Amino acid sequence: MDEIYFSNKKEALSFCDFLFAQKDEMSVQWHYHKKWGHVVLVNENQEKEELVVRGLIHVYVIHRERSWLIDIIRNCYYFSDDDEVAHIYELCCSFRDEPDQWGEDHPSSYRHSQQLERLREVFKEALEKGEGFAFDSIITFRFQRFYDELIEVVGEAIDEYKREQDYQTYIQHLREYLQANPSKVERLSIVQSQPFIFYSHKGRRYTSEEIKKLTEDYPLYLFGLGTDELDLTPIMALAPNRISIYGNDPSDPKTLTVMNIFQERAEFLPLNKFPFKRLSPF
């Protein structure tokens, strides 16, 4: 049987809970030793070794990595506001748990996948020696590099957090512009395209000349929107009371920006709900 020593009772419990939650039957015993702390004995064979490794990684992630990340946010980057700390921590977790959202090339997502692979090798090597080992010792002597890499992960999460803050400030400025300027039309229908296609409340499609004139008459350069911007500028210029966006991609960034600015004044509908006759393919 493999013996794994934990100084922290919560970590020993998390490890056992993880193994008990698996469908594979595995013999797990636990007792307390004055010298070694909480001793977990696992009767595993080569087939079950991967489960034990995953259990140890689970303990590292939910206990050590979490405390390290929060410590880095507070003591390396000096964030003290609890809400800010929580949000930056959530971004760090998102890099780890939702790599598809950030893309394979995102440095933190890639770094963490590599980190987990090295973790797997470290714990596998310790198990294959066939001797008891202390979880704390492995963390202390083998994981300093992991801590240093987490400092970089937190730095990238803070950069993302600041981009989010800048985006929210930008959105708020556009909302204030809408509040200060009267609506030019009651309703505007938009079809997702590159760029957007605009229709009046009667179903008349706005021509490219009309769109260009709107961008020239209302140059929203203070918001970074110039005359060559043909998606958001026309919408802001018309400032409709109601917007209906038709398409098949509710996660489209342009669409999300419009929805965030206009809030309850905007709705997203599937393309097959478009109410007007289409004069040309979308």
Side-chain angles (χ1 to χ4, degrees), residues 6-15 17-18 37-38 55-119 122-123 134-179 222-224 251 253 256-257 259-264:
F6 294 90
S7 63
N8 185 295
K9 184 178 180 180
K10 289 182 179 179
E11 292 179 348
L13 275 171
S14 294
F15 178 63
D17 286 344
F18 179 88
H38 302 276
L56 292 167
I57 293 174
H58 172 74
V59 174
Y60 161 75
V61 168
I62 67 172
H63 291 287
R64 300 304 178 95
E65 185 179 86
R66 183 182 188 281
S67 63
W68 286 355
L69 286 170
I70 292 175
D71 177 71
I72 291 167
I73 294 167
R74 290 187 180 277
N75 299 317
C76 290
Y77 290 98
Y78 306 108
F79 281 83
S80 57
D81 181 85
D82 289 342
D83 290 337
E84 288 187 320
V85 170
H87 190 73
I88 294 167
Y89 171 73
E90 288 170 3
L91 284 169
C92 293
C93 293
S94 178
F95 294 158
R96 178 190 70 215
D97 300 331
E98 302 172 276
D100 292 343
Q101 175 183 336
W102 304 98
E104 294 181 358
D105 296 333
H106 190 278
S108 283
S109 293
Y110 175 76
R111 184 182 295 111
H112 203 277
S113 67
Q114 296 296 104
Q115 197 178 70
L116 291 180
E117 187 57 39
R118 292 199 302 274
L119 271 174
V122 167
F123 287 130
F135 184 78
D136 274 8
S137 295
I138 289 184
I139 296 295
T140 301
F141 297 110
R142 302 289 297 273
F143 281 32
Q144 180 58 46
R145 179 181 175 186
F146 288 72
Y147 188 90
D148 295 339
E149 290 179 349
L150 287 178
I151 293 176
E152 297 182 39
V153 170
V154 172
E156 287 157 7
I158 290 171
D159 289 342
E160 183 61 34
Y161 172 71
K162 289 179 178 177
R163 282 192 289 270
E164 288 181 0
Q165 294 297 99
D166 290 343
Y167 175 76
Q168 291 303 324
T169 300
Y170 172 71
I171 294 296
Q172 184 57 36
H173 286 164
L174 290 173
R175 288 173 185 164
E176 291 169 357
Y177 173 86
L178 288 175
Q179 292 174 356
L222 292 177
F223 306 107
S251 63
L256 290 176
T257 296
M259 300 289 286
N260 284 334
I261 295 169
F262 284 84
Q263 298 176 293
E264 70 278 358

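Just so it is clear, the structure is predicted and the values come from calculations on it, not from any experiment. When a residue number appears, it is its place in the shown sequence, counting from 1. All heavy atoms count here, side chains included; hydrogens, waters and symmetry mates do not.
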statement: Nearest heavy-atom contact between R175 and I261 is CG-O, 3.3 Å
Counterpart residues, side-chain hydrogen bond (donor to acceptor under 3.5 Å, both in side chains), relative to S251 (two or more places apart): D249
query: Can F135 and N8 be said to form a side-chain contact (heavy atoms from CB on, under 4.5 Å), step by step?
result: CA-CA 10 Å; F135 184 78; N8 185 295; over 6 Å; no
task: Could you tell me the separation between the CD1 atom of I70 and the CZ atom of F79, rounded to the nearest 0.5 Å?
output: 14.0 Å
- request: Please check if the side chain of Y77 supplies one atom and the backbone of I151 the other of a donor-acceptor pair under 3.5 Å.
  value: yes
task: Mind checking the CD1-CD1 spacing from I73 to I88? Nearest 0.5 Å is all I need.
output: 5.5 Å
task: Say whether, by atom type as modelled, one donor and one acceptor occur between the side chain of N260 and the main chain of L256 under 3.5 angstrom.
output: yes
- prompt: Hey, what do you get for CD1 (I171) to CE (M259), rounding to the nearest 0.5 Å?
  reply: 12.5 Å
query: What closest approach, in Å, do A12 and H38 show between heavy atoms, and which atom pair accounts for it?
result: CB-CB, 3.9 Å
query: What heavy-atom pair brings L91 and A157 nearest, and what distance separates the two atoms?
result: CD1-O, 3.4 Å
Stacked cation flag R66 on Y89, 6.0 angstrom / 45 deg: yes
message: Using 0.5 Å steps for rounding, measure from the CH2 atom of W68 to the OH atom of Y147.
response: 8.5 Å
query: Going by the angle between their ring planes, with limits at 30° and 60°, are Y170 and Y167 parallel, tilted or perpendicular?
result: tilted
- prompt: Rounded to the nearest 0.5 Å, how far apart are CD1 of I57 and CZ of F18?
  reply: 8.5 Å
- line: The salt bridge (charged side-chain N to carboxylate O under 4.0 Å, His left out) partners of D82 (sequence neighbours excluded) come to R74
- prompt: For residues Y161 and D166, is any side-chain donor paired with an opposing acceptor at under 3.5 Å?
  reply: no
query: Can you check whether L150 reaches R145 side chain to side chain, under 4.5 Å on heavy atoms?
result: no
- prompt: What are the two closest heavy atoms between F146 and L119, and how far apart are they?
  reply: CE2-CG, 3.5 Å
task: Enter the distance from F123:CZ to R118:CZ here, rounded to the nearest 0.5 Å.
output: 13.0 Å
query: Does a side chain donor of either H87 or E164 reach within less than 3.5 Å of an acceptor in the other side chain?
result: yes
- request: Give a yes or no answer on whether the side chain of S14 reaches the backbone of K10 with a donor-acceptor pair at less than 3.5 Å.
  value: yes
message: Run the side-chain contact (heavy atoms from CB on, under 4.5 Å) test on C76 and V154 for me, step by step, so that the C-alpha distance in whole Å, both residues' side-chain angles and the decisive distance to 0.1 Å come before the verdict.
response: CA-CA 9 Å; C76 290; V154 172; over 6 Å; no
